[in-house]
Amino acid sequence: MTDTLFTGISQLVTPQRGPQRGAAMRELNIIPDAALLVSGEVIEWVGPAKDVPKAAHTHDLGGVAVVSGLVDPHTHAVWAGDRLADFEARVSGVPYEEILARGGGIRSTMRSTAKASVAELVELARPRLQALRASGATTTEVKSGYGLDFPAELRMLRAIRELRAEFELVPTLLIHVPPTQGRADYVLAVSNELIPEVASAGLATAVDVFCEKEAFDVMETHTILAAAKKHGLNIKLHADQFHTIGGTELACKLGALSADHLEASKLKQIRALAASKTVATILPAVTLHLGLPAAQGRKLIDAGAAVAVGTDLNPGSAPLFSTQLALALAVRLCGLTPAEALTASTVNAAAALGLNDRGALAAGQRADFLALHSPDWRDLAYTLGGSPVRDVFVAGVKC
């Protein structure tokens, strides 16, 4: 096992270990003129450069800021086809219902994805994941959900499994939209056939359900998530994106890892999240791309919730290929401070995936960290367009 001492760090900046709630999200550990000792894949020591321990190998980073590696807790990075015609129509004022009637919308992505092989899905997803990693994502969640029929869903999950040889990925089975006919039978089949098969094959670590008027109601969502828990899988929800129909409350009641979106959440849902262990994952790119009201990140934090930030990378509502930019947008659109946004994109995002071994630069944590171009860590939240990230280290190895 090789020890490497990273020096030349103008500022080492990290949130506290574990998920942080409310005001604690602003409490960063900032060490000027710092050093970082990595042993194998794990951080051995962090502290001022004047106190550095001996190490076999030294790596001088050249006087730049170092921050915890980002975790992207919500992406749909595996899909086929595109939604460019939808985009052009939408910005020209065509209602979404008419786009669907023309054969567009999410079901067009499902048709294209269902036709793609595992190998084709891998080749399409690889550059998307490379872009996310280059932007600072050292761990990325990837959902299925564009298959609808079970063989297509399984192909998506197998594509994610193949990509795990190249990227640090967390696979999630997403039950996204119901079929146009026979939805009750579909919910039962998902619960009794698809989820057991996915769990048995180790193809996913969690099940997510889109709980919304246009998708699954609370009872259907409960049935699916109960099956997931029965088979040892974590649970998550898409909730309150357009309407508050009870998805957030269900997430809190069932102890879901996270409730994601929350653009439509009101005081009742914010209080429920603040009183629970469920992480509130906000997705500002959807607000930017679709013009929806932003999730109330400021109110969630002030109420005492644990807030995470993700890209929601997908072809329809969030074509965002930068986890760093999602962090920066959370500051502009959702009212987070730079410190809160860093916490939301690291330890809290890891908690939204059920991970507690990463997100903080502390002894015993996985050595996932970023070297910026700048000596000041705040460029991570400040920069738009260009990337403030110079180097990405995953488990101590530069990518």
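The chain is numbered in sequence order, starting from 1.
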Between the side chains of [Y] and [X], is the shortest nitrogen-to-carboxylate-oxygen separation below 4.0 Å, so that they form an ion pair?
X: R298; Y: D302; answer: yes
X: R366; Y: D357; answer: no
X: R133; Y: E168; answer: no
X: E98; Y: R102; answer: yes
X: K115; Y: E120; answer: no

So how far is it from [X] [atom1] to [Y] [atom2], rounded to the nearest 0.5 Å?
X: L61; Y: F369; atom1: CG; atom2: CZ; answer: 6.5 Å
X: F210; Y: Q241; atom1: CZ; atom2: CD; answer: 4.5 Å
X: D312; Y: S317; atom1: CG; atom2: OG; answer: 4.5 Å
X: H222; Y: D217; atom1: NE2; atom2: CG; answer: 12.0 Å
X: L157; Y: S144; atom1: CG; atom2: OG; answer: 4.5 Å

### Task
For residues W377 and L342, determine if any side-chain heavy atom of one lies less than 4.5 Å from a side-chain heavy atom of the other.
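A side-chain contact exists here, since the closest heavy-atom pair is under 4.5 Å.
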
### Query
Can you check whether D240 reaches I245 side chain to side chain, under 4.5 Å on heavy atoms?
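Side-chain contact under 4.5 Å: no.
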
Main-chain N/O of [Y] paired to [X] side chain as donor or acceptor, under 3.5 Å:
X: K266; Y: A264; result: yes
X: E44; Y: A363; result: no
X: T287; Y: L283; result: no
X: R111; Y: G103; result: yes
X: Y146; Y: A114; result: no

### Task
Give the C-alpha distance, both sets of side-chain angles, the deciding distance and a yes or no for side chain to side chain contact (heavy atoms under 4.5 Å, CB included) between D208 and I175.
CA-CA 6 Å; D208 188 351; I175 310 305; over 6 Å; no

Which atom pair, heavy atoms only, marks the closest approach of [X] to [Y]?
X: A251; Y: A259; answer: CB-CB, 4.0 Å
X: E340; Y: G335; answer: OE1-O, 4.3 Å
X: L169; Y: P171; answer: O-CD, 3.8 Å
X: A274; Y: R21; answer: O-NH2, 3.2 Å
X: P48; Y: I31; answer: N-CG2, 4.0 Å
X: A330; Y: V309; answer: CB-CG2, 3.7 Å

Linking I/L/V/M/F/W/Y whenever their side-chain heavy atoms sit closer than 4.5 Å, directly or via other members, would [X] and [Y] fall into one cluster?
X: L370; Y: V64; result: no
X: I106; Y: W79; result: yes
X: V71; Y: L372; result: no
X: L355; Y: V207; result: no
X: L203; Y: L121; result: yes

### Geometric class of the H289/F87 ring pair [parallel <30°, tilted 30-60°, perpendicular >60°]
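The arrangement is parallel - the two ring planes meet at less than 30°.
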
Is the closest side-chain donor-acceptor distance between [X] and [Y] under 3.5 Å?
X: T323; Y: D72; answer: yes
X: S258; Y: K236; answer: yes
X: E249; Y: Q269; answer: yes

### Message
Within the supplied structure, the quantity of interest is the number of heavy atoms (other residues, nucleotides, ligands) at a distance under 6.0 Å from R126 CZ; does it exceed 12?
### Response
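Yes, CZ of R126 has more than 12 neighbouring heavy atoms, counting only those of other groups under 6.0 Å.
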
### Message
Within the supplied structure, the quantity of interest is the number of heavy atoms (other residues, nucleotides, ligands) at a distance under 6.0 Å from R378 CZ; does it exceed 12?
### Response
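Open: at most 12 neighbouring heavy atoms sit under 6.0 Å from CZ of R378.
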
### With R358, the side-chain hydrogen bond (donor to acceptor under 3.5 Å, both in side chains) member among D368, T139, T138
T139

### Message
Under the criterion side chain to side chain contact (heavy atoms under 4.5 Å, CB included), I'd like the reasoning laid out for E153 against V198: C-alpha separation, chi angles, the key distance, then a yes or no.
### Response
CA-CA 10 Å; E153 289 294 321; V198 167; over 6 Å; no

### Task
Evaluate side chain to side chain contact (heavy atoms under 4.5 Å, CB included) for V78 paired with I160, printing each intermediate quantity in order.
CA-CA 8 Å; V78 174; I160 298 167; 3.8 Å; yes

### Query
Would H238 and H76 count as a ring-ring contact (aromatic ring centres under 6.0 Å, His included) if you check the C-alpha gap in whole Å, the side-chain angles of each, and the deciding distance to 0.1 Å?
CA-CA 12 Å; H238 282 55; H76 306 253; 5.6 Å; yes

### Query
Are E141 and K143 close enough, and set up right, to give a salt bridge (Lys or Arg N to Asp or Glu O under 4.0 Å), and what steps lead you there?
CA-CA 7 Å; E141 187 251 23; K143 305 177 190 295; 2.6 Å; yes

